[in-house]
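The structure appears right after this line, and notes come after that.
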Amino acid sequence: MTHPLFAKHEDTLQKALSAIETRGYWSPFSEMPSPKVYGETASADGEAAFKALLNSTFELDQPSTGETVGSEVSPFGFPLGIRYPKAAPDALIAAAAVAQRDWRAAGPQAWVGVSLEILARVNRASFEIGYSVMHTTGQAFMMAFQAGGPHAQDRALEAVVYAWDQLRRIPSEAHWEKPQGKNPPLAMQKRFTVVPRGTGLVLGCCTFPTWNGYPGLFADLATGNTVIVKPHPGAILPLALTVRIARDVLREAGFDSNVVTLLATDPNDGPLVQDLALRPEIKLIDFTGSTQNGTWLERNAHQAQVFTEKAGVNQIVIDSVDDIKAAARNIAFSLTLYSGQMCTAPQNIYVPRHGIRTSEGTLGFDAVAQAIATAVQKLVGDPARAVELLGAIQNDGVEHRIADARKLGTVLADSVALDHPAFAGARVRTPLVLQLDATQDAAQLTKEWFGPISFVIATDSTAQSLDLAGSIAAEHGALTLSVYSADDAVIEAAHEASIRGGVALSINLTGAVFVNQSAAFSDYHGTGANPAANAALADAAFVANRFRVVQSRVHVEPKAAPVAVG
């Protein structure tokens, strides 16, 4: 019998299956905060719901010690004052084990149907979640709504549909017969049971808690696993809201709501997380964050299947352009969006020291570098408009990196503080653009400087630029590579460099598509082919190892052969 929630969302599921096969544009979730889509009062209601949570205790009916934790501060200049129930890892693991029994037995249609219902309700809460993303990450509202809401939901649905695509290939039973010549055939009746790995641990990040957290959460749920969601201490609220919605859906569907639980913590929780990550009950770990922590998980959490996204050095190679202003504007937007606090934001921009070809002749290195810096400065020239693109700096570490980076080279565009017209305490900084030399400053090229920090780097040639781009991606990690060239041979060489580096390539972006952007159902985010990420969002490999298949078989009599007629 088809599970009712599976039947309810089957049309969406079928469209998603088609989307991952054709890889064209598709999304069931509107990225525009339109009243026609979300309701006339949705934005005001979402903001009011967010404000009602401030300076209060977040209600969550799960195992708790009776104490509370929480010290989130909005990058726009005020403490959230939200306290979350404190949970003991032992209690959450035990509760997950109990919840796992009925959840496992329910089977794939139930897992997928419940996951899709959770997503539908999360979508209806997009404004409340959007404001919570804004005031924990520092994203400006439109980006927080889109990336933290519909785009994150797209990535979650993508994980669910890839899970279903794998699960539907496994029959529940089969009749097997092997011919034996003149003797009766051997016959077996076989039964196949999908068995989830166990309890998953989702470790959230502070810059994109939902966009990066949802794929692992929903991949685990859609393959029948229980999940402990452990947000970054600086960005608990978006995932706490998601967990609460998930628990409501599970309860209404007749399941133990402890299939999904929240582990909220205060800062400096390293030992707690490391101890939890090594527990034998934890079978799956999804992590987004620093190379140090991600590598530690990969090397030590051997009892679990570990999926990581870590630091990387994203790069741009400029060989030749038709319109330097259009290219510079596109690059400047990518450097400025959310103050460069994106795992896809470019950092190293390589330009031959002898200059580049344009439609108007050769343009020297200094002119190219200045064009990029000038485009950045124009983009942030009006503070009232700039803050809606820049957002705010999420944490002190980014500010410290800006100060440290400023000492590395010649400043082309300095990072300055801007006043936010709506939030007096907002921590807003414009991008820092520096000039370096590939020969003199080689040691600086392989380090990620996370935040609004970029380098225009003089190289001996485009060939050297591409060699650096490919080798740095392969050895140190990267999620994006971009090339500008009017030469087909250079573009083909860039393609080869991207394959060698295991990194996604964008070519001649000058319009309204930017290298930072990644579209669900079409673009693969990460490849798993370089150190920046050991998995892709999303593909079959991201979901297929989250479950196993256990079979049983019994000898039966062969099926009767058809009687010949005539």
Can you give each donor-acceptor pair under 3.5 Å made by side-chain atoms of residues 442-453, sequence neighbours left out, with the distance rounded to 0.1 Å?
none

For residues 215-224, run the donor-acceptor check on the side chains, cut-off 3.5 Å, and write out each pair with its distance to 0.1 Å, sequence neighbours left out.
from, atom 1, to, atom 2, distance (Å)
D220, OD1, R546, NH1, 2.5
T223, OG1, A219, O, 2.7
T223, OG1, D220, O, 3.1
T223, OG1, N225, ND2, 2.9

Side-chain donor-acceptor contacts of residues 407-420 below 3.5 Å, not counting sequence neighbours, with atom names and distances?
from, atom 1, to, atom 2, distance (Å)
D414, OD1, R406, NE, 2.8
D414, OD1, R406, NH2, 3.3
S415, OG, T430, O, 2.6
H420, ND1, A422, N, 3.0
H420, ND1, F423, N, 3.3

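The closest side-chain heavy-atom distance from L389 to F333 is below 4.5 Å. When side chains are defined from C-beta on, D437 does not count as touching I457, because their heavy atoms never get closer than 4.5 Å.
Take N534 and apply the side-chain contact (heavy atoms from CB on, under 4.5 Å) test, not counting sequence neighbours, and it matches E298, F307, T308. Taking F208 as the reference, Y338 meet the ring pair (Phe, Tyr, Trp, His ring centres under 6.0 Å) condition, with sequence neighbours excluded.
For the pair W296 and A277, the tightest heavy-atom approach, listed with the atom from each and the gap, is CZ3-CB, 4.5 Å. Closest non-hydrogen pair, R548 versus N545, comes out as NH1-OD1, 2.6 Å. Here the closest non-hydrogen pair linking A345 and S334 is CB-O, 4.3 Å. Taking both residues in full, the closest heavy atoms of C205 and A235 are given as O-CB, 4.0 Å, listed atom of the first, atom of the second, then distance. Taking both residues in full, the closest heavy atoms of A384 and P421 are given as CA-CG, 4.3 Å, listed atom of the first, atom of the second, then distance. Scanning both residues, V376 and T336, for their nearest heavy atoms gives CG1-OG1, 4.3 Å.
Atom CD1 of I282 and atom CD of Q305 lie 14.0 Å apart (nearest 0.5 Å).
Applying the salt bridge (charged side-chain N to carboxylate O under 4.0 Å, His left out) test to every pair with at least one member in residues 361-377, sequence neighbours left out, gives no pairs at all.
Looking at T242, its side chain does come within 3.5 Å of a backbone N or O of P238 through a donor-acceptor pair. Judged by distance alone, with hydrogens and angles left aside, the side-chain atoms of Y484 form a donor-acceptor pair with the main-chain N or O of L509 at under 3.5 Å. No donor-acceptor pair closer than 3.5 Å links the side chain of S522 to the backbone N or O of A519. Between the side chain of D154 and the backbone N or O of A520 there is no donor-acceptor pair closer than 3.5 Å. Listed for the Q146 side chain is a donor-acceptor partner under 3.5 Å among the backbone atoms of E31. In terms of modelled atom types and a separation under 3.5 Å, the side chain of N508 and the main chain of S485 share a donor-acceptor contact. Of the possible donor and acceptor atoms, none in the side chain of S339 sits under 3.5 Å from a partner among the backbone N and O of I393. Looking only at distances, no side-chain donor or acceptor of Q341 sits under 3.5 Å from a matching main-chain atom of T137. In this structure, the side chain of S74 engages the main chain of F76 through a donor-acceptor pair within 3.5 Å. Between the side chain of R169 and the backbone N or O of Q166 there is no donor-acceptor pair closer than 3.5 Å.
For Q370 and T374, the side-chain atoms include at least one donor-acceptor pair closer than 3.5 Å. At a cut-off of 3.5 Å, with distance as the only test, no side-chain donor of S518 or D523 sits close to an acceptor on the other residue. Checked by atom type, the side-chain pair N314/Q347 shows no donor-acceptor distance below 3.5 Å. Under 3.5 Å, the side chains of T344 and N516 contain no donor-acceptor pair of N or O atoms. Under the 3.5 Å distance criterion, with hydrogens and angles disregarded, a donor-acceptor pair is assigned to the side chains of S465 and T459.
Each of E158, H151, Q153 was checked for a side chain to side chain donor-acceptor pair (under 3.5 Å) with R155, and the lone residue meeting it is E158. In summary, of the residues considered (L363, D322, D319, V321), a side chain to side chain contact (heavy atoms under 4.5 Å, CB included) with R357 occurs for D319 alone.
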* **Pair T480-Q315, side chain to side chain contact (heavy atoms under 4.5 Å, CB included): steps then yes or no** => CA-CA 7 Å; T480 63; Q315 302 160 98; over 6 Å; no

* **Worked check of side chain to side chain contact (heavy atoms under 4.5 Å, CB included) between E309 and H525** => CA-CA 10 Å; E309 183 182 308; H525 175 74; 2.9 Å; yes

* Mind running side chain to side chain contact (heavy atoms under 4.5 Å, CB included) on L239 and H232 for me, showing each step along the way? => CA-CA 9 Å; L239 290 176; H232 187 284; over 6 Å; no

* Steps toward side chain to side chain contact (heavy atoms under 4.5 Å, CB included) verdict (M32, Y38) -> CA-CA 9 Å; M32 298 308 296; Y38 291 97; over 6 Å; no

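Side-chain rings of F141 and Y131 approach one another, their centers coming within less than 6.0 Å.
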